[in-house]
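Below is one structure, written out as structure tokens; comments come after it.
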Amino acid sequence: MLSNRLSIITPSVTVGISTKVKELKDSGKKIINLSIGEPDFNVPEKAKHSGIESLNNDETKYNLVPGITILREEICKKLLDENNCDYSLDEIVVSSGAKNAITNALLAVTDPGDEVLLPKPYWVSYSEMTKIVNAIPVPMNTDKSNDFKLTGDILKKYITNKTKLLILTNPSNPTGAVYTKEELLDIANICLENNIYILADEIYEKICYTDKFVSIASLSKEIKDITITINGFAKSAAMTGIRLGYSASNKEIAKGICAIQGHLVSHPCLTSQYIGYAALRDCKKDLDNMVDIYKYRRDLIVSKLDSMTNIGYIYPEGAFYIFIDLSKIKDNFNFSESFSVEFCEEFLNKHNVAIVPGLAFGIDDYVRISYACDEKDFLEGLNRLNDFISEIMVSCPNSAL
């Protein structure tokens with residue numbers, strides 16, 4: 001008999017879309033895929049050579065559970081220089097991707113029945129990871145007028161005596177919203193007052209178009225002590241398949257994470273660690289160039305959306321997504337259960353464009369589009385989206401047109 005937890009875990013919507021896209025492509029259809037959160041760049045050459053060199057040097061044996069020393073030293077240097085966060089080696093645990101780092105952290109700080117707060121919209125895997133460790137995900141409603149960012153007043157409404165952890169993503173997936181220092185202080189001080197840990201997912205931190213990104217752990221020594229910062233290399237260095245992430249936390253939490261990881265995976269792949277080490281040390285220009293291109297694409301896609309009718313969007317200040325509001329056409333679209341899911345399915349079937357339904361992030365009136373792809377693809381995808389919306393508004397008897 002299988003575990004009961006399997007009955008409460010929802011399959012990944014994004015993985016399901018990727019599977020459908022592959023099936024359609026295999027059948028001979030040309031699909032524009034705007035669903036995937038994967039950079040369309042390659043790993044920087046210097047980083048790749050570092051991995052190759054490590055193999056040539058036979059760096060293939062067991063190593064330290066929290067990660068090789070030179071990589072953790074480089075992470076500490078990065079956190080101090082770029083984020084104003086002073087960590088020691090024994091406060092850094094390198095993992096097999098940011099997902100692994102998040103799961104390790106949840107296992108280290110939550111018990112069955114503890115509540116984990118998730119501001120909506122939230123990344124698809126947070127709620128399922130929380131269920132896997134037998135904690136309880138608690139979605140929190142936020143407000144579009146504030147780009148769906150969490151505020152202290154909203155946070156207070158959801159705190160109970162079972163609340164153990166808040167997961168805060170900055171920049172946000174799916175909205176691209178970025179928190180200011182004042183907004184982070186408002187949230188962090190309430191967590192301090194109520195003994196709530198903060199899991200700060202900063203995986204998109206380098207893909208930020210504002211003047212200054214602020215890490216929540218940098219706000220004060222006390223806030224740093226309750227914060228587990230998660231970061232990695234998949235988005236910033238295009239290392240999605242290489243699987244490398246890390247956590248930065250106080251010594252007690254890091255020791256717990258290290259103990260868990262030692263039993264689950266021993267340590268991350270050594271070759272991946274050497275690639276990540278060189279990405280941090282030697283590839284700043286490559287990473288900055290990627291961000292410049294993302295920003296150019298952001299500006300291009302926003303300009304295109306501004307010319308379209310019957311939609312809205314959250315203006316992205318980071319990451320490489322745009323969260324599009326389709327609430328104006330919802331009443332004109334014939335659906336049975338989920339508007340965004342059925343909208344995306346029909347759009348894919350009729351116009352051969354894959355996008356992600358907002359329901360995957362907890363808000364059904366929206367869809368998410370990725371611009372981590374060829375410029376021609378996302379512009380053509382938007383043209384087809386505009387055509388599809390026009391078809392819906394013209395054909396539906398409820399249409400105001």
Stepwise side chain to side chain contact (heavy atoms under 4.5 Å, CB included) check, L264 with N100: CA-CA 10 Å; L264 292 181; N100 184 198; 5.6 Å; no

Closest contact, heavy atoms only, [X] versus [Y]:
X    : Y    : result
T10  : K131 : OG1-NZ, 4.1 Å
V302 : P316 : CG2-CD, 4.3 Å
C283 : A47  : SG-N, 3.8 Å

Side chain to side chain contact (heavy atoms under 4.5 Å, CB included) evaluation trace for I190 with I196: CA-CA 8 Å; I190 292 170; I196 298 168; 5.8 Å; no

[X] atom [atom1], neighbour heavy-atom count above 12 within 6.0 Å:
X    : atom1 : answer
E252 : CD    : no
K328 : NZ    : no
K48  : NZ    : yes
Y296 : OH    : no
N334 : CG    : no

Check: [X] side chain, [Y] main-chain N or O, donor-acceptor pair, under 3.5 Å:
X    : Y    : answer
T130 : Y126 : yes
Q261 : V65  : yes
R72  : V93  : no
Y204 : F320 : no
N146 : K149 : yes
R281 : E74  : no
R243 : G97  : no
K330 : F339 : no
R368 : P174 : no
S340 : V367 : no

Taking the side chain as everything from C-beta on, heavy atoms only, tell me whether [X] gets closer than 4.5 Å to [Y].
X    : Y    : answer
Y179 : L150 : yes
V94  : I68  : no
N194 : T163 : no
C191 : L155 : yes
N170 : L184 : yes
L71  : L244 : yes
S127 : L118 : yes
F213 : P171 : yes

For Y313, which of D325, D306, T175 qualifies under side chain to side chain donor-acceptor pair (under 3.5 Å)? D306

Please say whether the positively charged group of K144, taken as NZ for Lys or CZ for Arg, lies over the ring of F323, i.e. under 6.0 angstrom from the six-membered ring centre and within 45 degrees of the axis. no

Charged N to carboxylate O below 4.0 Å: is that the case for [X] and [Y]?
X    : Y    : result
K164 : D114 : yes
K78  : E205 : yes
D225 : K221 : no
E73  : K77  : no
E380 : K376 : no
K22  : D26  : yes

Does D299 form a salt bridge (charged side-chain N to carboxylate O under 4.0 Å, His left out) with K295? I'd like the steps, not just the answer. CA-CA 6 Å; D299 294 343; K295 185 176 186 296; 3.7 Å; yes

What distance do [X] atom [atom1] and [Y] atom [atom2] have between them, rounded to the nearest 0.5 Å?
X    : Y    : atom1 : atom2 : result
N134 : T110 : CG    : OG1   : 8.5 Å
N173 : K235 : CG    : NZ    : 7.0 Å
D374 : D40  : CG    : CG    : 7.5 Å
I392 : I329 : CD1   : CD1   : 4.0 Å
Q273 : S95  : CD    : OG    : 9.5 Å
I322 : I369 : CD1   : CD1   : 8.0 Å

Side chains of D58 and T60 only: does a donor on one sit below 3.5 Å from an acceptor on the other?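 Side-chain D/A pair, D58 to T60: absent.
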
Is it the case that N83 and E202 place a side-chain donor and acceptor less than 3.5 Å from each other? no

Might you work through the ring-ring contact (aromatic ring centres under 6.0 Å, His included) test for Y294 and F41, ending with a clear yes or no? CA-CA 11 Å; Y294 288 136; F41 299 97; 5.4 Å; yes

Stepwise, does the salt bridge (charged side-chain N to carboxylate O under 4.0 Å, His left out) test hold for E345 with K20? CA-CA 10 Å; E345 287 175 349; K20 180 70 180 293; over 6 Å; no

Do F148 and Y366 pass the ring-ring contact (aromatic ring centres under 6.0 Å, His included) test, and can you show the C-alpha distance, the side-chain angles, and the key distance before you say yes or no? CA-CA 12 Å; F148 292 118; Y366 284 71; 5.4 Å; yes

Relative to each other, are the rings of F347 and F388 parallel, tilted or perpendicular (30° and 60° limits)? parallel

Going through the distances and angles, do K304 and N383 end up as a side-chain hydrogen bond (donor to acceptor under 3.5 Å, both in side chains)? CA-CA 9 Å; K304 178 65 177 177; N383 284 334; 2.6 Å; yes

Begin with the C-alpha distance, continue with both residues' side-chain angles, and end with the deciding distance and a verdict on side chain to side chain contact (heavy atoms under 4.5 Å, CB included) for M239 and S272. CA-CA 9 Å; M239 290 169 52; S272 298; 5.6 Å; no

List the steps, then state whether side chain to side chain contact (heavy atoms under 4.5 Å, CB included) holds for I223 with L192. CA-CA 7 Å; I223 291 170; L192 269 178; 3.6 Å; yes

